[in-house]
Number of protein chains: 2
Amino acid sequence: MPKVVDHHERRTRIAAALLQVAADRGIEAVSLRHVATEAGVSSGMVQHYFRTKDEMMTFALAVVAENVMARMAGQPVAETPAAMIRALVIELLPFDEQRRIEGRVLLAFHAHATNNPTIAALLRENADQLRTYLAERIRTEQAAGTTTAALDAGHIATGLLALADGLGVNVLVEHYTADEALATFDAYLTAVLG
Amino acid sequence: MPKVVDHHERRTRIAAALLQVAADRGIEAVSLRHVATEAGVSSGMVQHYFRTKDEMMTFALAVVAENVMARMAGQPVAETPAAMIRALVIELLPFDEQRRIEGRVLLAFHAHATNNPTIAALLRENADQLRTYLAERIRTEQAAGTTTAALDAGHIATGLLALADGLGVNVLVEHYTADEALATFDAYLTAVLG
DNA sequence: CGTTTTACGTTGCAGTCGCAATGTAAAACA
DNA sequence: TGTTTTACATTGCGACTGCAACGTAAAACG
């Protein structure tokens, strides 16, 4: 056998190139050759680590999902419940280049999921995870009496995430800036949590 | 000259076929040949009415935008401000097949707009129109004192539309049903408008 | 040290794409 | 009635796609 190689590392590197291509030129520009060129490798190597294009796409999506989750989990504990929610959801808005790229890719995958059950399932799994996490934290605050919100925590979480999704999309297509989106989000937060 | 032909009608018919293909098999399946087949015409005819694929896509998007606007404008005047907003935004949620198709197509175009200025501009124009319209109606209600909302009408409109966008996307990828989305939306409405 | 297994690189094939080019038929206009 | 103009249909070309099929070289293992 040749050089022992970290498969996961190679796949991750290729996925990163895929995300770059998708963010730069749209997901329809994601081809084996383009990704290979972007990664600086041969298309044969890409084929070596991903048997099909679909497998490559799915892996890349999983990478993005992991990144988002990791960023949210790495968030420090906030003082007030509103601040906590704000900090979490801000992570979903495209404020810097990294989040812009991820946002574009996620948007493209959402469009794709519309007629691709595999991708739809992957997206749904992550969204559920996020929603459950957020709802749980809201419930905790409600139990502790630190928030005035009388609404069902599940509805609040769903609404917050959907609002973040919608604002994110609108920022990505440049209907308004991330700051304006945040202002709108804040208005919603105060309305719901007091 | 041959048979005098209604150009706009032909283009609209082709656009309808495009939307069908996009909704059925994803926007990446939209090719001159597929659209032509779906419309039951030759690809030469499609080329006759649209000089480029891009022109065809843009036209189809404009058709969708018109449909949405027409449906919203055709909405009867509601009793309460909340009911009015609710009726308007419900039109944006994918409750029936028609709105599901339009939603899918719009979602795909939003992803596309991320790196296509022409489409981005078209989307932005429509979104602005919608937002202005909604904000204006909210302002009217506020002036009449028929709503308790203290927030800036612009922010409310932006938030409502973004929330509708986000909920719509989540319904399209089947994270939850349109009814659940509506429940969440209602919770938001009462929180904001009282 | 020889064998085997893995990690790539290269090439090619069948299919699809957008689009240009060309052909044909029919109706409006002179 | 003849000419011109428009409405299509057909064909083909160059570019691109995913993917299979090979080839090669190097390192782990016996």
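Convention: sequence-line order gives letters A, B, ...; per-chain numbering from 1. It should be emphasised that the depicted structure is a prediction, and the values quoted were computed from it without experimental measurement.
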Just list the side-chain donor-acceptor pairs under 3.5 Å for residues 105-122 of chain B, sequence neighbours left out, or say none.
unit_1 : atom_1 : unit_2 : atom_2 : d
B:H110 : ND1    : B:L106 : O      : 2.8
B:N116 : OD1    : B:T118 : N      : 3.1
B:N116 : OD1    : B:I119 : N      : 3.2

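- Distance CD (A:E55) to P (D:dA20): 12 Å, rounded to an integer number of Å.
- Counting to the nearest Å, the C1' atom of C:dA7 and the CZ atom of A:R11 are 15 Å from each other.
- A:M45 has its CE atom 5 Å from the P atom of C:dC8, to the nearest Å.
- Note on B:R131 versus B:E136: no salt bridge recorded, every NZ/NE/NH1/NH2 to OD/OE distance being 4.0 Å or above.
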What are the atom names and distances for every N/O pair under 3.5 Å that joins the protein to nucleotides 19-23 of chain C?
unit_1 : atom_1 : unit_2 : atom_2 : d
C:dC19 : OP2    : B:K53  : N      : 2.8
C:dA20 : N7     : B:Q47  : OE1    : 3.1
C:dA20 : N6     : B:Q47  : NE2    : 3.3

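- Contact of the B:F95 side chain with the B:L182 side chain is registered, since non-hydrogen atoms from C-beta on lie closer than 4.5 Å.
- Between B:E28 and A:H7, the residue whose closest nucleotide on DNA chain C is further toward the 5' end is A:H7.
- For the pair A:R11 and A:E55, the salt-bridge criterion is met [side-chain N within less than 4.0 Å of a carboxylate O].
- Side-chain proximity of B:H48 to D:dA9, D:dA7, C:dG9: nearest is D:dA7.
- For A:H34 and D:dT17, the shortest distance from a side-chain N or O to OP1 or OP2 is below 4.0 Å.
- The A:S31 side chain lies nearest to D:dT17 when the options are D:dT17, C:dA7, C:dG9.
- A salt bridge links A:R13 to A:E9: at least one charged side-chain nitrogen sits closer than 4.0 Å to a carboxylate oxygen.
- Comparing A:R10 and B:A29 along DNA chain C, the residue whose closest nucleotide (by nearest heavy atom) sits nearer the 5' end is A:R10.
- When heavy atoms are screened at a 4.0 angstrom cut-off, B:V35 is found touching no nucleic acid atom at all.
- Counting to the nearest Å, the P atom of C:dC17 and the CE atom of B:M56 are 11 Å from each other.
- If you check the side chains of A:Q98 and A:E102, you find a donor sitting under 3.5 Å from an acceptor.
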